[in-house]
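Heavy-atom basis, side chains included; hydrogens, waters and symmetry copies ignored. Naming convention: chains lettered A, B, ... in sequence-line order (proteins, then strands); numbering from 1 in each chain.
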2 protein chains.
Amino acid sequence: MTISAYDEYMPESHPAPERFPVTVDVVALTVRDGELNVLLITRLIEPFRGKLALPGGFVLAGEDLLEAAVRELAEETGVEHLPGHLEQLGSYGPKGRDPRGDVLTVAHLLLAPDFPVLSAGSDAEQAAWYPVAEVPELAFDHARILDDAVERAKSKLEYSPLGAAFCGDEFTIAQLRAVYEAVWGTRLDPRNFHRKATGTPGFLEEVGRMTAGDAGRPAALFRLAPEARPTAGHPTRAVLNPPLMRPRE
Amino acid sequence: MTISAYDEYMPESHPAPERFPVTVDVVALTVRDGELNVLLITRLIEPFRGKLALPGGFVLAGEDLLEAAVRELAEETGVEHLPGHLEQLGSYGPKGRDPRGDVLTVAHLLLAPDFPVLSAGSDAEQAAWYPVAEVPELAFDHARILDDAVERAKSKLEYSPLGAAFCGDEFTIAQLRAVYEAVWGTRLDPRNFHRKATGTPGFLEEVGRMTAGDAGRPAALFRLAPEARPTAGHPTRAVLNPPLMRPRE
DNA sequence: GGCACTTATCGTCATGTTGACAATAATGCT
DNA sequence: AGCATTATTGTCAACATGACGATAAGTGCC
């Protein structure tokens, strides 16, 4: 690692700045069986050995935050190319959130279709999906981070086309609606949802094909409209207008 | 400073984690003369000496992020108790944003009524308000952070009662409208805005008194409704429902 | 005081959006 | 064929929004 060139620049009167270990944590959310799930690992080392925690780890020299988040998630799930949408959630700390000392963590949010995680019987940390509604106590301040992440996910569905990040490339309106219902924890009228989803400009695009084999009438397949798709450079900043507001009691 | 107890906990196989200098930057926004303004300082030291930059500085040991942001802002403006609403914006880096090496910065957003900054002729860094529309080149990646902050402010006005953070405790509908117009950069119909602002449940509360002395008919004074006011513990998470959407061309 | 000017506030109307729910369409199952 | 199941289209009333007319209540000027 570099011993940094700070002191060459800093006037004598300025002490060298404090340095902190920086971690990235990822709240990976998906929808399974109509329920919102979160990816958690079982800690194999102290502190909080045996407790569940968000996947994550230290940022390495020369890494950016998103890079580090992707790397950690890949390492701990054994998944090469992460599906879904990853964005920064917010930073926590550094004071008093780790018994070992001050650690700053930058939490991230992944909205993804259900994907299988490596269930290696190895000594690696075991990652698995857990229904958000039944998550037991978590290590560190991860319960708070999870709360914030779920709240963010809820509001993302209102104002952005990112509900589709939970689905694959092509999906039916009913599948998309199931996402909204799971994340918001409410029931939505299929007819009104259909009207809204298909009627919002810049949101969906009909593929032209239909599903087959299920019970009931086949459904038309949709994908994200081009304007709503993430581009190579930046993640999608596309906005749903008008928004698809969740019912408030 | 503490030399941290990491190594006592980490198994031999794990190297000590990388440590990074962490700064907080603050994008302080206000409305002056109907224009959105941002607080900038003129750098007195390298790198970027003489350039404008966001106020900010290193996080100290034992500090939390918001604390550090408040401290830095107070130091650089000479203002004791900051008015307005402060929240975290997001983190940037650590790679390649500071010529001295990797520095992680956690940007913050302050929405505040216009307040005077210390215009000391001292050798301290000179802080002053600048219209956002005319901000010249900024140091580091601060232009990007400012962009993100303005975008965040715009959307905050849509979905939260935080437009009022730009006003004092009591304000008229016209003053509030001026905030929306300045932040969004649009003109709003006074009659429709009045209807919307006063008609949105949980947003405003009539004080009972009127303004006097201005030109034109006196206006009723309003303040934030109790549900929309920040409480001691947490900052306001209150939401405007229905939202007050900005016009999309 | 009377008048012009200014800003605040209330109303009206056509249009668009939403929630509730009826009706119809297109499958699989028996 | 008839039934169960899911998808999709419609209808209708309540509500929200944009455009804009009309009125209210001050200040400043003569």
Side-chain angles (χ1 to χ4, degrees), chain A residues 33-34 157-159 163 167 170-182 184 186-223 239-249, chain B residues 33-34 157-159 163 167 170-182 184 186-223 239-249:
Chain A
D33 307 317
L157 294 210
E158 300 192 309
Y159 305 123
C167 304
E170 302 184 347
F171 47 86
T172 67
I173 300 293
Q175 285 162 1
L176 184 62
R177 175 167 48 86
V179 165
Y180 277 77
E181 292 182 334
W184 286 348
T186 55
R187 230 93 240 302
L188 298 173
D189 183 290
R191 298 160 290 189
N192 291 338
F193 184 86
H194 188 282
R195 176 182 60 194
K196 191 78 197 345
T198 57
T200 301
F203 188 14
L204 300 181
E205 179 179 79
E206 209 165 337
V207 168
R209 282 173 298 109
M210 312 286 272
T211 53
D214 299 331
R217 172 176 171 178
L221 284 170
F222 290 81
R223 64 170 146 252
V239 137
L240 232 46
N241 193 311
L244 212 164
M245 302 289 285
R246 67 185 120 161
R248 318 259 172 185
E249 65 301 330
Chain B
D33 307 316
L157 294 211
E158 300 191 309
Y159 306 121
C167 304
E170 303 183 348
F171 47 87
T172 67
I173 301 292
Q175 285 163 1
L176 185 62
R177 175 166 48 86
V179 165
Y180 277 76
E181 292 182 335
W184 287 346
T186 55
R187 231 93 240 302
L188 299 173
D189 183 288
R191 298 162 289 191
N192 291 338
F193 184 86
H194 188 282
R195 177 183 58 194
K196 190 77 203 328
T198 57
T200 301
F203 187 15
L204 300 181
E205 177 179 78
E206 211 165 338
V207 168
R209 282 173 297 110
M210 311 287 273
T211 54
D214 299 332
R217 171 174 171 178
L221 285 170
F222 290 81
R223 62 170 149 253
V239 138
L240 233 45
N241 192 318
L244 213 165
M245 302 288 286
R246 66 184 122 162
R248 320 255 173 188
E249 61 297 332

Taking the side chain of B:Arg195 as heavy atoms from C-beta outward, which of D:dT8, C:dA20, C:dT12 is closest to it?
C:dT12
Among D:dA7, D:dC20, C:dA8, which is the nearest nucleotide to the side chain of B:Ala219?
C:dA8
Can you find a side chain N or O atom of B:His194 that sits less than 4.0 Å from OP1 or OP2 on C:dA8?
no
Checking the side chain of B:Lys196 only, and the main-chain atoms of B:Met245 only, is there a donor and an acceptor separated by less than 3.5 Å?
no
Taking C:dT9, D:dT8, C:dC21 as options, the one with an atom nearest any side-chain atom of A:Asn192 is C:dC21
Within the structure shown, what part of the strands sits under 4.0 Å from A:Asp214 by heavy-atom distance: base, sugar-phosphate, or nothing?
sugar-phosphate
Which part of the nucleic acid does B:Ala174 contact within heavy-atom distance under 4.0 Å: base, sugar-phosphate only, or nothing?
sugar-phosphate
Spell out yes or no: do the side chain of B:Arg217 and the base of D:dA25 have one donor N/O and one acceptor N/O closer than 3.5 Å?
no
Looking only at C:dA23, D:dG26, C:dC10, the nucleotide nearest the B:Arg191 side chain is C:dC10
Figure out the CD/P separation between B:Glu206 and C:dA8, and round it to whole Å.
14 Å
Using modelled atom types only, decide if a donor and an acceptor are shared between the side chain of A:Glu158 and the backbone of A:Arg246 within a distance under 3.5 Å.
yes
Which listed nucleotide (C:dG19, C:dA8, D:dT8) is nearest to the side chain of B:Arg177?
C:dA8
Nearest-nucleotide 5' precedence on DNA chain D, B:Lys196 against B:Asp189:
B:Lys196
Which whole-number value in Å describes the distance from B:Ile173 CD1 to C:dT9 P?
7 Å
Kindly give the heavy-atom pair with the smallest separation between A:Thr172 and A:Ala219, and that separation in Å.
CG2-CB, 3.8 Å
Starting from C1' on C:dA8, measure out to CD on B:Gln175 and report it in whole angstrom.
13 Å
Given atom CE of B:Met210 and atom P of D:dA24, what is their separation to the nearest angstrom?
14 Å
Atom CG of A:Leu240 and atom P of C:dT18 are separated, to the nearest Å, by 10 Å
Starting at the 5' end of DNA chain C and moving along, which residue's nearest nucleotide shows up first, A:Gly216 or B:Gly216?
B:Gly216
Between B:Leu240 and B:Thr200, the two heavy atoms sitting closest are CG-CG2, 4.1 Å
Between A:Glu170 and A:Arg209, is there a side-chain N and carboxylate O pair less than 4.0 Å apart?
yes
Tell me the interatomic distance from B:Leu188, atom CG, to C:dT9, atom P, rounded to whole angstroms.
16 Å
B:Leu176 CG - C:dT9 P separation (whole Å)
12 Å
Of the options C:dA26, C:dT6, C:dC10, whose atoms approach the side-chain atoms of B:Ala215 most closely?
C:dT6
How long is the line joining CE of B:Met245 and P of C:dT17, in whole Å?
12 Å
